[in-house]
Amino acid sequence: MVKFAEDWHGGIAMDCRSVGKLLLLPVQMVYCVLRAALCLLVPTRLRDLRGDTVLITGGGRGIGKHLAKEFAKHRAKKIILWGRTEKCLKETAEEIKQMGTECHYFICDVGNREEVYQQAKAVREKVGDVTILVNNAAVVHGKSLIDSDDDALLKSQHINTLGQFWTTKAFLPRMLELQNGHIVCINSVLALSAIPGAIDYCTSKASSFAFMESLTLGLLDCPGVNATTVLPFHTNTEMFQGMRVRFPNLFPPLKPETVAKRTVEAVQKNQALLLLPWTMHLLVILKSILPQSAFEEIHRFSGSYTCMNTFKGRT
């Protein structure tokens with residue numbers, strides 16, 4: 001009887017706490033929204049990058065190259081470039097050194113797990129601890145499922161998705177020990193709204209987005225270690241060479257310099273999610289509320305159904 005009474009009182013107390021938390025939730029949400037709005041109006045304290053060692057995958061060209069330059073402009077202590085093409089890596093490393101920043105490069109295919117772990121060890125021994133990891137490396141096959149080569153499909157998944165697992169596993173534990181680190185993912189808006197003709201890329205980027213969303217939530221209770229996911233619209237790089245939208249003046253491709261600059265700003269502000277340009281927020285909202293048929297009309301109007309028909313690209 002006594003045990004029953006104790007359990008009963010305990011249940012009431014737990015129910016009261018649950019109700020209290022439920023009533024408090026809207027207040028907390030309003031507070032978070034107001035704080036975010038205030039941050040837009042009042043400049044926030046930016047992270048000083050002068051003590052950071054930044055590793056950028058796919059750092060030899062495209063967005064990766066411009067990211068290296070942008071971090072150098074903000075006087076990062078050291079910059080490390082990973083990639084598969086030594087010529088590009090060497091040229092970019094020389095440019096960074098001419099800017100007055102220490103720069104190293106390592107040839108590494110992030111889709112190869114053992115190679116990632118081996119080169120991560122080499123980085124720690126030669127350069128030191130990495131405090132900012134930018135997962136930028138990506139490839140696109142650019143064909144429909146039926147026309148796609150199986151090996152090319154696997155290559156996209158290994159580099160675009162699994163590569164982030166291996167690089168993050170290699171460097172995150174030390175960041176957690178130091179209580180100092182930032183994981184950055186250069187993703188794509190195609191992770192949220194796919195198009196035909198790039199099924200390998202869209203699938204891998206959607207997986208990558210889920211990876212980062214889960215990782216970001218997992219780091220909430222890890223002091224000093226944060227994450228940023230960047231979702232840019234079509235960017236004018238070699239990788240998507242030949243891709244054409246219907247109204248280029250209405251939907252102009254982003255410049256890689258712009259993506260790099262906004263990404264570094266997001267890291268400094270500790271911004272968890274960045275969509276580029278801001279109009280991509282409307283795309284996400286419309287996809288959530290419109291019927292599929294209406295959303296398909298948007299795709300037809302913008303030309304996204306056929307934009308990959310002229311795709312040439314590079315892998």
Side-chain angles (χ1 to χ4, degrees), residues 32-59 61-81 92 95-96 99-101 103 130-138 164 167-168 171 175 180-192 205 208-209 212-213 215-216 219-220 223-237 252-284:
C32 291
V33 171
L34 292 175
R35 186 176 65 175
L38 184 63
C39 288
L40 293 175
L41 300 174
V42 180
T44 57
R45 183 180 178 184
L46 301 179
R47 174 175 178 148
D48 186 352
L49 301 175
R50 286 178 293 181
D52 284 303
T53 297
V54 185
L55 189 150
I56 304 168
T57 68
R61 53 188 172 185
I63 295 174
K65 180 176 182 176
H66 289 285
L67 280 166
K69 288 183 176 181
E70 195 64 31
F71 276 109
K73 287 179 185 177
H74 285 79
R75 301 173 67 185
K77 184 179 179 181
K78 301 175 185 178
I79 293 176
I80 304 162
L81 308 175
T92 301
E95 290 185 39
I96 300 304
M99 295 175 69
T101 301
C103 187
V130 171
T131 54
I132 298 178
L133 169 63
V134 184
N135 284 312
N136 167 71
Q164 292 187 74
T167 57
T168 304
F171 294 107
M175 292 180 184
N180 179 26
H182 206 111
I183 307 293
V184 184
C185 170
I186 306 299
N187 202 293
S188 169
V189 73
L190 296 181
L192 304 178
K205 288 299 183 180
S208 169
F209 180 74
M212 284 300 295
E213 195 168 33
L215 179 69
T216 303
L219 292 174
L220 288 178
V225 183
N226 302 287
T228 295
T229 304
V230 183
L231 299 162
F233 179 61
H234 168 45
T235 306
N236 191 17
T237 63
L254 292 168
K255 295 179 180 179
E257 300 95 325
T258 301
V259 176
K261 182 179 180 180
R262 293 293 306 279
T263 297
V264 174
E265 288 176 357
V267 172
Q268 290 185 294
K269 295 177 181 178
N270 192 23
Q271 185 175 344
L273 185 66
L274 173 64
L275 279 91
L276 296 172
W278 68 269
T279 49
M280 292 301 103
H281 287 276
L282 301 177
L283 179 69
V284 175

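Quick note: residue numbers are just sequence positions, from 1.
Interatomic distance, CD of Glu95 versus NZ of Lys69, reported as 4.0 Å (0.5 Å rounding). Taking CG from Leu67 and CD1 from Ile56, the interatomic distance works out to 5.0 Å, rounded to the nearest 0.5 Å. The OG1 atom of Thr279 lies 9.0 Å from the NE2 atom of His281; values are rounded to the nearest 0.5 Å. The distance from atom OG1 of Thr263 to atom CD1 of Ile186, rounded to the nearest 0.5 Å, is 4.0 Å. We find the CZ-CZ distance between Arg75 and Arg50 to be 5.5 Å, quoted to the nearest 0.5 Å. Separating the NZ atom in Lys73 from the CG atom in Leu49 is a distance of 13.5 Å, to the nearest 0.5 Å.
In this structure, the side chains of Leu283 and Phe233 stay at 4.5 Å or more apart for every pair of heavy atoms. Side-chain contact between Met212 and Leu215: present, with at least one pair of heavy atoms (C-beta onward) separated by less than 4.5 Å. With a 4.5 Å cut-off on side-chain heavy atoms, Glu70 and Val267 do not count as touching. Taking the side chain as every heavy atom from C-beta outward, His182 and Val225 never approach each other to under 4.5 Å. Looking only at side-chain heavy atoms (C-beta outward), Gln268 and Val264 come within less than 4.5 Å of each other.
Heavy atoms only, all atoms of each residue included: Ala76 and Thr101 are closest at O-CG2, 3.3 Å. Pairing each heavy atom of Gly58 with each of Ala137, the nearest pair is N-CB, 3.7 Å. The shortest heavy-atom contact between Ala68 and Thr92 is CB-CG2, 4.5 Å. Taking each heavy atom of Arg47 and Gly181 in turn, the nearest pair found is NH1-O, 4.1 Å. Nearest heavy-atom pair, Ile132 versus Val130, reported as atom, atom and distance to 0.1 Å: O-CG1, 3.4 Å. Closest approach of Ala227 and Thr216 over heavy atoms only: CB-OG1, 3.5 Å.
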- Message: Working note: Asn187 + Thr229, criterion side-chain hydrogen bond (donor to acceptor under 3.5 Å, both in side chains); need CA distance, chi angles, decisive distance, verdict.
- Response: CA-CA 7 Å; Asn187 202 293; Thr229 304; over 6 Å; no
- Query: Can you list the steps and then say if Leu133 with Met175 is a side chain to side chain contact (heavy atoms under 4.5 Å, CB included)?
  - Reply: CA-CA 10 Å; Leu133 169 63; Met175 292 180 184; 4.0 Å; yes
- Stepwise side chain to side chain contact (heavy atoms under 4.5 Å, CB included) test for Arg262 and Leu274: CA-CA 8 Å; Arg262 293 293 306 279; Leu274 173 64; 3.5 Å; yes
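The backbone N or O of Gln271 lies less than 3.5 Å from a partner atom in the side chain of Thr228, making a donor-acceptor pair. Thr57 contributes a side-chain N or O that, together with a main-chain N or O of Asn136, makes up a donor-acceptor pair within less than 3.5 Å. Of the possible donor and acceptor atoms, one in the side chain of Thr131 sits under 3.5 Å from a partner among the backbone N and O of Thr53. When atom types are taken as modelled, the side chain of Asp52 and the backbone of Val54 share no donor-acceptor pair closer than 3.5 angstrom.
Results of the side-chain contact (heavy atoms from CB on, under 4.5 Å) test with Pro232 over Val189, Leu190, Thr258, Val259 single out Val259 as the only residue that passes.
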